[in-house]
Undergrad: 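Before we start, here is the structure in question, set down as structure tokens.
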Number of protein chains: 2
Amino acid sequence: MKEGPDIAQIGSLIGDPARANILTALMGGRALTATELAAAAGVTLQTASAHLAKLEAGGLLTQRKQGRHRYFTLADDRVGKLLEGIMGFAASRGHLRHRPGPKEPALRKARICYDHLAGDYGVRMLDSLIEAGSISVMGEGLSLTPGGEKHLGSIGIDVSGLRSSRRPLCRSCLDWSERRAHLAGSLGKALLSNFFDKGWARRTENSRSIFFTPEGERRFLALFPLELGEDIEQPQLDDTP
Amino acid sequence: MKEGPDIAQIGSLIGDPARANILTALMGGRALTATELAAAAGVTLQTASAHLAKLEAGGLLTQRKQGRHRYFTLADDRVGKLLEGIMGFAASRGHLRHRPGPKEPALRKARICYDHLAGDYGVRMLDSLIEAGSISVMGEGLSLTPGGEKHLGSIGIDVSGLRSSRRPLCRSCLDWSERRAHLAGSLGKALLSNFFDKGWARRTENSRSIFFTPEGERRFLALFPLELGEDIEQPQLDDTP
DNA sequence: GAGATGGTTCGGTTACGATCGAAGTATGAA
DNA sequence: TTCATACTTCGATCGTAACCGAACCATCTC
């Protein structure tokens with residue numbers, strides 16, 4: 001009966017609402033202080049501190065002392081992938097938050113998924129890259145074509161530099177809001193950084209959603225066109241338990 | 001702060017030790033009764049009943065009444081994939097069970113992962129299929145080559161029949177013990193069934209581990225050879241009957 | 001029908017863990 | 001030095017949920 005790894009431990013780590021809020025906040029990709037995380041979780045600093053200690057002991061988080069601040073981040077991208085996987089599953093079972101809140105639409109449009117672009121725009125970008133022949137699909141996997149390397153090089157992505165990292169270049173990541181794949185991996189990260197650098201988009205405070213400037217949005221949509229037309233059906237998440 | 005799907009709910013479902021044991025037991029792929037699951041979880045029938053109700057309400061389980069029995073199974077293979085993902089993560093962080101127990105080696109050698117073969121043998125099978133050119137890899141994805149279809153057809157796998165199902169033919173599934181991919185999807189399922197049908201292997205009671213007969217083992221190893229040599233640690237004598 | 005087996009519901013107990021106030025430590029600023 | 005900020009540790013409270021005994025419902029066998 002008692003076999004294999006202990007999923008209950010990490011399940012219970014994620015299972016507490018306050019800790020889940022902390023992890024969700026850190027899915028934004030940037031390092032946050034204990035105070036910020038306490039606010040995000042809706043608990044006092046003492047409580048948050050206890051939670052952070054547990055999460056760190058569990059290997060989900062790492063902290064970095066900097067002066068009198070302690071910055072927390074997800075331990076690595078495997079944690080991000082794990083969480084996004086659980087989010088996708090939760091969304092598919094209708095485990096949505098009770099009050100969808102006003103930020104929900106912005107989240108669905110464009111958000112950060114640990115370090116790359118997700119949401120409607122993330123899915124569109126990958127779809128467009130595939131249509132253009134820049135990325136080829138094989139089962140669940142993705143790979144960059146020579147043409148794609150050239151194409152992305154022309155907009156300022158140094159693909160050969162990315163290859164030298166140990167991290168996979170292309171990975172697909174299942175999007176919980178769209179229920180379709182978007183682009184992760186070092187290439188996904190590089191593309192999002194590129195948008196930030198160009199001033200097309202920026203992060204928003206206290207949210208995973210990404211804000212596109214009007215000009216940036218225009219350019220993004222032009223760079224990643226879709227043949228099919230944009231009004232594809234949105235697969236609905238049914239929310240009955 | 002409160003954004004996205006509610007990961008805490010499913011986290012807490014998995015986070016309880018009794019429920020985690022139930023889910024782990026069901027990863028064996030076959031339907032189990034409430035009484036069996038109570039024994040697997042180490043709790044009384046009443047307690048197990050309450051847990052099963054929660055898991056079902058959470059969409060992780062389905063039950064099927066048959067006579068005076070109630071058979072529970074994982075709701076679908078997405079649940080299996082989710083759990084295997086969490087197991088892989090837990091194993092990578094060293095969240096192993098306290099007492100590794102005598103069954104551990106057998107589990108690492110060959111076990112069932114919802115409905116397909118995992119463990120050392122599962123990884124070997126996929127590696128061999130790739131070496132033989134039967135399956136091609138593209139990033140994280142897998143696809144069956146024409147040659148592979150012929151090859152598998154010769155050992156009794158009806159690939160074209162499998163294609164008609166909605167389920168993907170080839171999927172890679174990360175193995176928590178080997179930390180490498182093994183073959184999932186309808187093809188993975190069909191291969192394992194094939195081994196059972198031929199009498200090469202059988203399930204063991206109360207465990208996810210798979211027992212190979214001496215003859216079956218010989219044939220399996222011959223069918224899925226590895227170039228690299230097999231002498232690199234052929235560990236694990238199994239202790240189960 | 002009676003009896004046995006499989007499973008659920010109810011009620012009450014118990015234990016664990018989330019929470020916060022208050023006090024304590026570390027780092028930076030004045 | 002003194003004060004302020006950032007965070008941790010301690011101690012106590014409190015709620016919730018896991019747990020089991022007992023009773024209850026359902027299905028099969030005889």
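Note that the coordinates shown come from a computational prediction; the quantities given were computed from them, not determined experimentally. First the proteins, then the strands, lettered A, B, ... as listed; each starts at 1. Heavy atoms only: backbone and side chains are in, while hydrogens, waters and symmetry mates are out.
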Undergrad: Does dG7(C) have OP1 or OP2 sitting under 4.0 Å from an N or O in the side chain of S49(B)?
TA: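 No, no such contact exists.
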Undergrad: Any Lys/Arg nitrogen of R124(A) or E217(A) sitting under 4.0 Å from an Asp/Glu carboxylate oxygen of the other?
TA: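 Answer for the salt bridge query: no.
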Undergrad: Take the protein atom CD of E56(A) and the nucleotide atom P of dC7(D), then report the distance between them rounded to whole Å.
TA: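 Value for this atom pair: 13 Å.
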Undergrad: To the nearest angstrom, how far is Q63(A) atom CD from dT8(D) atom C1'?
TA: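 Taking atom C1' of dT8(D) as the reference, CD of Q63(A) is at 11 Å.
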Undergrad: Which whole-number value in Å describes the distance from R68(B) CZ to dA4(C) P?
TA: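 From R68(B) CZ to dA4(C) P: 12 Å.
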Undergrad: What nucleic acid atoms does T47(B) come within less than 4.0 Å of, heavy atoms only: base, sugar-phosphate, or nothing?
TA: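 If one applies the 4.0 Å heavy-atom cut-off, T47(B) turns out to touch a base.
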Undergrad: Over how many whole Å does the gap from L45(B) atom CG to dT5(C) atom C1' extend?
TA: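 Spelled out: CG on L45(B) to C1' on dT5(C) is 11 Å.
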Undergrad: So if I take every side-chain heavy atom of V43(A) and compare against dC28(D), dG7(C), dT19(C), which nucleotide ends up nearest?
TA: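 Minimum distance to the V43(A) side chain belongs to dT19(C).
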Undergrad: Of the nucleotides dC7(D), dT27(C), dT29(D), which has the atom closest to the K65(A) side chain?
TA: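 Among dC7(D), dT27(C), dT29(D), the one nearest the side chain of K65(A) is dT27(C).
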Undergrad: Could you tell me how far apart H51(A) (NE2) and dT9(D) (P) are, to the nearest whole angstrom?
TA: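 So the NE2-P distance, H51(A) to dT9(D), works out to 15 Å.
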Undergrad: Answer yes or no: is there a donor N or O on one side and an acceptor on the other, between the side chain of D120(B) and the main chain of V123(B), under 3.5 Å?
TA: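 No.
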Undergrad: Could you tell me whether A48(A) contacts a base, only the sugar-phosphate backbone, or nothing, with contacts defined as non-hydrogen atoms closer than 4.0 Å?
TA: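 It contacts nothing in the nucleic acid.
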Undergrad: Would you call E84(B) and R208(B) a salt bridge, taking side-chain N to carboxylate O under 4.0 Å as the test?
TA: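 Salt bridge between E84(B) and R208(B), a charged N being under 4.0 Å from a carboxylate O: yes.
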Undergrad: Given atom CG of L52(B) and atom C1' of dC19(D), what is their separation to the nearest angstrom?
TA: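 Checked: the CG to C1' distance equals 15 Å.
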Undergrad: Which of the following nucleotides, dC7(D), dA17(D), dT19(C), is nearest to the side chain of K54(B)?
TA: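 Ranking dC7(D), dA17(D), dT19(C) by closest atom to the K54(B) side chain puts dA17(D) first.
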Undergrad: Looking at dG6(C), dA18(D), dC7(D), which one has an atom nearest to any side-chain atom of H69(B)?
TA: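 Nearest nucleotide to the side chain: dG6(C).
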Undergrad: Just the rounded figure in Å: distance from P of dG17(C) to CG of D16(B).
TA: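 Distance, rounded to whole Å: 11 Å.
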Undergrad: Determine, for D16(B) against K54(B), whether the closest basic-nitrogen to carboxylate-oxygen distance falls under 4.0 angstrom.
TA: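 Salt bridge absent between D16(B) and K54(B).
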Undergrad: Below the 4.0 Å mark, does dC7(D) have OP1 or OP2 next to a side-chain nitrogen or oxygen of T35(A)?
TA: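 Answer yes for this pair, as a side-chain N or O of T35(A) is under 4.0 Å from OP1 or OP2.
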Undergrad: Do D158(A) and R163(A) sit within salt-bridge range, that is, some charged N less than 4.0 Å from a carboxylate O?
TA: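 A salt bridge is absent here (no side-chain N lies under 4.0 Å from a carboxylate O).
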Undergrad: How would you label the contact of A18(A) with the nucleic acid (heavy atoms, under 4.0 Å): base, sugar-phosphate, or nothing?
TA: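 Result for A18(A) = sugar-phosphate.
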Undergrad: Send over the distance from Q46(B) CD to dA18(D) P, rounded to a whole Å.
TA: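 Result: 15 Å.
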